[in-house]
Amino acid sequence: MNSEYIKKILQKNNVIFLHLSSVNSTMQEIKKIRKNKNIFLIADEQKNGIGRRGNSWESPPGNIYFSISLKYDLNLKDHFIYNAAIVLSIVNVLNTISNDDIKIKWPNDILINFKKISGVMSEIYQKNQINYINIGVGINFISSPKLNEYKTTHVYEINNTIDKNKLIYDIVKNFFSQINLIHNEKFDIIINEFKSKLLYLGKKINLEHENKSKISGIFEDINNDGSILLNINGLKHNIYSARLI
């Protein structure tokens with residue numbers, strides 16, 4: 001499958017397709033485009049890929065890096081629903097090519113057999129007084145970094161017959177099905193499916209804050225804003241930003 005199929009499904013959903021050979025970061029690059037349009041930007045490599053909490057995302061040629069910027073008309077507190085939608089889309093498509101255990105590690109990592117294969121980021125930004133949500137996706141396709149912090153894997157390691165453009169097309173198609181649910185205010189369908197694939201839900205977890213302080217408790221639920229409902233000795237706390245350890 002070539003990229004024309006991706007362009008067509010994007011055009012059908014009023015999104016412009018852009019392809020660049022190299023960028024510092026697709027999330028940064030997409031914000032430089034002055035058109036007041038929904039935009040899908042894909043790059044062959046990122047020289048300075050950004051992960052969650054400012055961490056770098058290793059981005060050599062051959063893997064998948066894209067951002068999609070959409071006009072945003074929800075309450076700002078509801079932006080997590082887009083994050084959940086794209087994560088679910090990736091999980092749903094990976095489930096069609098692999099029988100392995102695919103789980104979501106809160107808030108936005110996708111793991112296969114406890115090895116990271118993909119990560120997602122989202123942010124709200126303003127351009128010409130219009131709010132946009134900017135969603136960045138990285139998927140290890142033909143390679144994955146060797147890290148001390150956690151194990152990684154890539155698509156070819158689980159199924160080496162997959163066409164890259166077909167994989168992207170299927171994710172985009174699934175994503176717009178999720179977007180249709182958002183437009184029809186069916187957030188619960190997305191959140192409940194997200195929960196069903198969430199790692200450690202209902203179990204004791206350990207979290208590390210940005211200041212390196214640590215807390216532990218029972219992962220009771222996830223709220224619609226994406227925060228964890230953590231039970232610490234019978235007291236319930238909403239945790240918005242931390243790292244599962």
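Along the sequence shown, the residues carry numbers beginning at 1. The figures here come from the full heavy-atom set of this structure, side chains too, leaving out hydrogens, waters and symmetry mates.
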List the steps and the verdict of side-chain hydrogen bond (donor to acceptor under 3.5 Å, both in side chains) for Ser69 and Asn38.
CA-CA 6 Å; Ser69 175; Asn38 299 321; over 6 Å; no
Has [X] got a side-chain atom pairing as donor or acceptor with [Y]'s backbone, closer than 3.5 angstrom?
X	Y	value
Lys127	Lys35	yes
Ser213	His209	no
Asn24	Gln46	no
Thr152	Pro145	yes
Trp106	Leu201	no

[X]: partners by salt bridge (Lys or Arg N to Asp or Glu O under 4.0 Å), with sequence neighbours left out:
X	result
Lys214	Glu208
Glu29	Lys32
Glu185	none
Lys31	Glu123

Could you tell me which residues satisfy side chain to side chain donor-acceptor pair (under 3.5 Å) with Asn36, sequence neighbours excluded, listed by chain and number?
Asn128
Heavy-atom distance under 4.5 Å between the side chains of Gln178 and Glu193, does that happen here?
yes
Ring centres under 6.0 angstrom apart (Phe194, Phe80)
yes
What pairs with Asp170 under side-chain contact (heavy atoms from CB on, under 4.5 Å), at least two apart in sequence or on another chain?
Val93, Lys166
Among all residues two or more places apart in sequence or in another chain, which pass the side-chain contact (heavy atoms from CB on, under 4.5 Å) test with Asp73?
none
Only distances under 3.5 Å count here; give the side-chain donor-acceptor pairs of residues 10-19 to other protein atoms, sequence neighbours excluded, each with its distance to 0.1 Å.
unit_1 : atom_1 : unit_2 : atom_2 : d
Asn13  : ND2    : Ile9   : O      : 2.8
His19  : NE2    : Asp44  : OD1    : 2.9
His19  : NE2    : Asp44  : OD2    : 3.4

According to side-chain hydrogen bond (donor to acceptor under 3.5 Å, both in side chains), does anything in residues 227-238 pair up with another residue at least two apart or in another chain? List the pairs.
Glu220-Asn231, Glu220-Lys236, Asn223-Ser227, Asn223-Asn238, Asp225-Ser227
Check whether the side chains of Asp101 and Asn113 place a donor and an acceptor atom closer than 3.5 Å, and report yes or no.
no
Listed partners of Tyr72 passing ring pair (Phe, Tyr, Trp, His ring centres under 6.0 Å), at least two apart:
Tyr82
Tyr125: ring pair (Phe, Tyr, Trp, His ring centres under 6.0 Å) partners, not counting sequence neighbours
Tyr132
Are Ile39 and Ile42 connected in the hydrophobic side-chain network, where two residues link if heavy atoms are under 4.5 Å apart?
no
Which residue pairs satisfy the ring pair (Phe, Tyr, Trp, His ring centres under 6.0 Å) criterion with at least one member in residues 153-179, sequence neighbours excluded?
Phe141-Tyr156
